Amino acid sequence: MSGSSLRVLLSNEQIQARIAEIGLKIGADYPSGDLHMVCILKGACIFLSDLARATPRDICIDFMGISSYGKGKSSSGEVKLTKDLDHSVEGADVLIVEDIVDTGITLNYLIHVIQQRKPRSVRIAALLDKPTRRIRPVDVAYTGFQIPDEFVVGYGLDFAEKYRNLRDVCVLEGT
Ligand code: 5GP
């Protein structure tokens with residue numbers, strides 16, 4: 001893409017340090033029981049893989065596919081389930097692992113979908129939060145970083161499927 005540039009907002013070192021803290025907190029908050037980490041594809045896949053390894057207890061990893069953003073930078077406002085869970089979460093503690101909370105529309109929808117599966121509890125872990133953009137209320141139990149209203153890529157987050165493999169979270173400027 002011509003005319004665009006990347007500015008590092010959060011370095012990989014900052015991200016790893018924060019994830020280590022969150023992992024320990026999750027371990028302390030869930031001393032026992034069946035804990036399912038549900039990764040929201042695709043953006044949260046890198047966060048999930050680091051968070052899972054930072055959490056010092058047994059967990060079950062599962063995946064859900066959601067599409068709400070097209071190839072551009074703004075949401076269609078429409079949430080579609082593209083892949084469902086492989087395992088039942090009935091009676092289990094569920095931790096939804098998401099890359100970023102923006103308007104809150106996606107997580108609002110997802111919480112509703114998962115609650116219908118009769119889990120023991122549902123909470124959200126989100127690496128990034130843009131609180132000024134919220135349209136729907138979302139209770140995020142574990143937040144990595146609050147960030148300003150800028151479009152970010154890297155560490156799992158994409159723009160038209162690009163940049164997911166960047167180690168840092170960067171602001172994509174000039175597109
Ligand atoms: P929400 O439903 O909260 O508006 O949007 C959540 C989804 O929008 C995220 O899972 C992510 O896919 C996408 N999104 C929101 N903000 C950004 C951003 O700054 N960068 C990227 N790459 N995706 C974003």
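Predicted, not measured: the structure shown is a model, and the values here were computed from it. In listed order, ligands and their atoms are each counted from 1.
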Polar contact flag, side-chain donor to acceptor under 3.5 angstrom, [X]-[Y]:
X	Y	answer
Tyr155	Asp99	no
Tyr142	Arg123	yes
Ser121	Asp93	yes

Within the 4.5 Å heavy-atom criterion, are Asn108 and His112 side-chain neighbours or not?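 Not touching, per the 4.5 Å side-chain cut-off.
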
Would you say the side chain of Met64 lies within less than 4.5 Å of the side chain of Lys83, judging by non-hydrogen atoms?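 No, their side chains stay 4.5 Å or more apart.
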
Under 4.0 Å between a Lys/Arg side-chain N and an Asp/Glu carboxylate O for Arg117 and Glu90?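 No, no charged N to carboxylate O under 4.0 Å.
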
In plain terms, say whether Glu161 and Lys42 are close enough for a salt bridge, that is, a side-chain N and a carboxylate O under 4.0 Å apart.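 Between Lys42 and Glu161 there is a salt bridge, with a charged N closer than 4.0 Å to a carboxylate O.
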
What are the atoms of ligand 1, with element, lying closer than 4.0 Å to any heavy atom of [X]?
X	value
Ile105	2 (O), 3 (O)
Asp99	9 (C), 10 (O), 11 (C), 12 (O)
Glu150	19 (O)
Thr106	1 (P), 2 (O), 5 (O), 6 (C)
Glu98	10 (O)

Smallest separation among heavy atoms of Thr82 and Ser67, with atom names: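 That closest heavy-atom pairing would be CG2-OG, 4.1 Å.
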
If you measure every N/O of Leu157 against every N/O of ligand 1, is any gap under 3.5 Å?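 N/O-N/O distance under 3.5 Å: no.
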
As a check for students: among Val153, Thr103, Leu107, Asp158, identify the option with a heavy atom nearest to atom 22 (N) of ligand 1.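 Looking at heavy atoms only, Asp158 sits closest to atom 22 (N) of ligand 1.
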
At under 4.0 Å between heavy atoms, which part of Ile135 makes contact with ligand 1: side chain, backbone, both or neither?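 Neither part.
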
Check each heavy atom of Arg133 against ligand 1 and say whether those closer than 4.0 Å belong to the side chain, the backbone, both or neither.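 Within the 4.0 Å criterion, Arg133 makes no contact with ligand 1.
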
Hey, does [X] sit under 4.0 Å from ligand 1 if you only count heavy atoms?
X	result
Arg136	no
Phe151	yes
Gly104	yes

